[in-house]
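Some notes on the structure that comes next.
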Amino acid sequence: MLNRDVVNSKIIKSPFSERTNKAIDDFLTYYKNSKRSQSSYRSGINKLLLDDLPKEAHEITFGDYMEVIPQNKNDRTPQDTYKEMFIKFLFVFDYLEDSRGFSSIWIKEDIIKGFTDRNDTQKKTIVSKNINDSLTVPELTAIQRVLNESFTKLEMQKMDFCWHMLFQEGCIVEELKEIKSENLVSGVITTNTGDKYNIPSRFYPMFEKLNERESSYTGFYTVNTLIAELGEMAKLERRLTPIIIKKTRNSSMVKCCNCGETYWNTINYWVAVNSRLVCVNCAEEIKKN
């Protein structure tokens, strides 16, 4: 799992001063439509103020920020993102006693606009879609934007692998949970059900790292947590689950009316022939005839 040595998000407020508690409460109002988001941000804040520094919110300095937040975004966990967003809030809304340095990396007006736009969206949004409906195109795009990053942390690579297996390969959750690092042999994984999957070479280093672990756990049993954290990184307004991924995969596949084979609904798989969409393979044969 990702960094789990965090303080319980339901911790009582007594360790903090009234001034810090007010800053936290004010910040969390921007995430009031999502209990999960509030819990995640609260956990990140607790880790920041009780473990990483520790100090009151208004005492945070630019030096503290540079120390606790990885400057390479590829090395960040969701917890790091939560901490940074809270520090941004403290900076732009003048909660900090010493804000020197932050202006060199952030534009105050842009961050304020981000919070304001989020607040306006929350007021206008009426959630009418089922939480288990397939991903919308903007949601899918947001996830793919996260996955396009070059991950260096092992847990991020596992997150990428879980998405690949569920969305690209159609592997079922229970099957994925049973995969261990030693199951990868010559680029192929054979699951406990006998299914075989050709694994892209970009995942080989991850499997090597898992094989080197002293821990007996070298698999993907935490797939549900990893997928949920991917949704948080993509800033989805609902919890991302394998069920949603499965429905999105099913709705993204189209059957060719000529050969009956199923392909992704992206333009590189389809061609218009006589005003009808057919797969690329059929289009070539039809044109020959």
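Numbering starts at 1 and runs along the sequence shown.
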Which value, rounded to the nearest 0.5 Å, describes the distance between [X] atom [atom1] and [Y] atom [atom2]?
X    : Y    : atom1 : atom2 : value
E109 : I111 : CD    : CD1   : 9.5 Å
T218 : E212 : OG1   : CD    : 12.0 Å
T222 : M159 : OG1   : CE    : 9.5 Å
L53  : D64  : CG    : CG    : 5.0 Å
I227 : T241 : CD1   : OG1   : 9.0 Å
N265 : M253 : CG    : CE    : 8.5 Å

[X] side chain to [Y] backbone, donor-acceptor under 3.5 Å:
X    : Y    : value
N46  : S43  : no
Q71  : I69  : yes
D80  : T77  : yes
K158 : V223 : no
R239 : A228 : no

Return the set of residues passing salt bridge (charged side-chain N to carboxylate O under 4.0 Å, His left out) with [X] (not counting sequence neighbours), or none when no residue passes.
X    : answer
D52  : K47, K83
R145 : none
E174 : K177

Quiz item: Does a side-chain N-to-carboxylate-O contact under 4.0 Å join D94 and K108?
Solution: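 Here D94 pairs with K108 in a salt bridge, since their nearest N and O are under 4.0 Å apart.
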Quiz item: Would you call E97-R19 a salt bridge at under 4.0 Å N-O?
Solution: yes
Transitive ILVMFWY side-chain link [X] to [Y], under 4.5 Å:
X    : Y    : result
I243 : I143 : no
M85  : M66  : yes
L277 : I286 : no

Listed by chain and number, what are the side-chain contact (heavy atoms from CB on, under 4.5 Å) partners of [X], not counting sequence neighbours?
X    : value
T193 : E175, T191, D195
S251 : S134
I267 : none
N268 : T266

Self-check item: Where at least one partner belongs to residues 164-173, residue pairs that pass side chain to side chain donor-acceptor pair (under 3.5 Å), sequence neighbours excluded
Solution: H164-E169
Report yes if the side chains of [X] and [Y] come closer than 4.5 Å at any heavy-atom pair, otherwise no.
X    : Y    : result
L226 : L230 : no
N183 : T190 : no
V137 : L140 : no
K246 : L166 : no
I179 : L184 : no
Y95  : D26  : yes
I87  : L48  : yes
W264 : S252 : yes

Crowding at [atom1], [X] (>12 non-hydrogen neighbours, <6.0 Å):
X    : atom1 : value
K209 : NZ    : yes
K113 : NZ    : no
Y221 : OH    : no

Modelled atom types, side-chain donor and acceptor of [X] and [Y], under 3.5 Å:
X    : Y    : result
E232 : S40  : yes
K255 : T262 : no
N211 : S181 : yes

Quiz item: Does the separation of the ring centres of F62 and W106 fall below 6.0 angstrom?
Solution: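 Ring-ring flag for F62/W106: false, centres at least 6.0 Å apart.
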Quiz item: Which residues pass the side-chain hydrogen bond (donor to acceptor under 3.5 Å, both in side chains) test with N274, sequence neighbours left out?
Solution: none
Quiz item: Excluding sequence neighbours, so at least two apart, what forms side-chain hydrogen bond (donor to acceptor under 3.5 Å, both in side chains) with Q157?
Solution: none
Self-check item: With sequence neighbours excluded, residues passing ring-ring contact (aromatic ring centres under 6.0 Å, His included) with F161
Solution: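 Per chain and number, F161 pairs via ring-ring contact (aromatic ring centres under 6.0 Å, His included) with F203, F207, F220.
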Practice problem: Output all residues satisfying ring-ring contact (aromatic ring centres under 6.0 Å, His included) with F27, sequence neighbours left out; order by chain, then residue number. | Solution: Y31, Y41, F86, F89
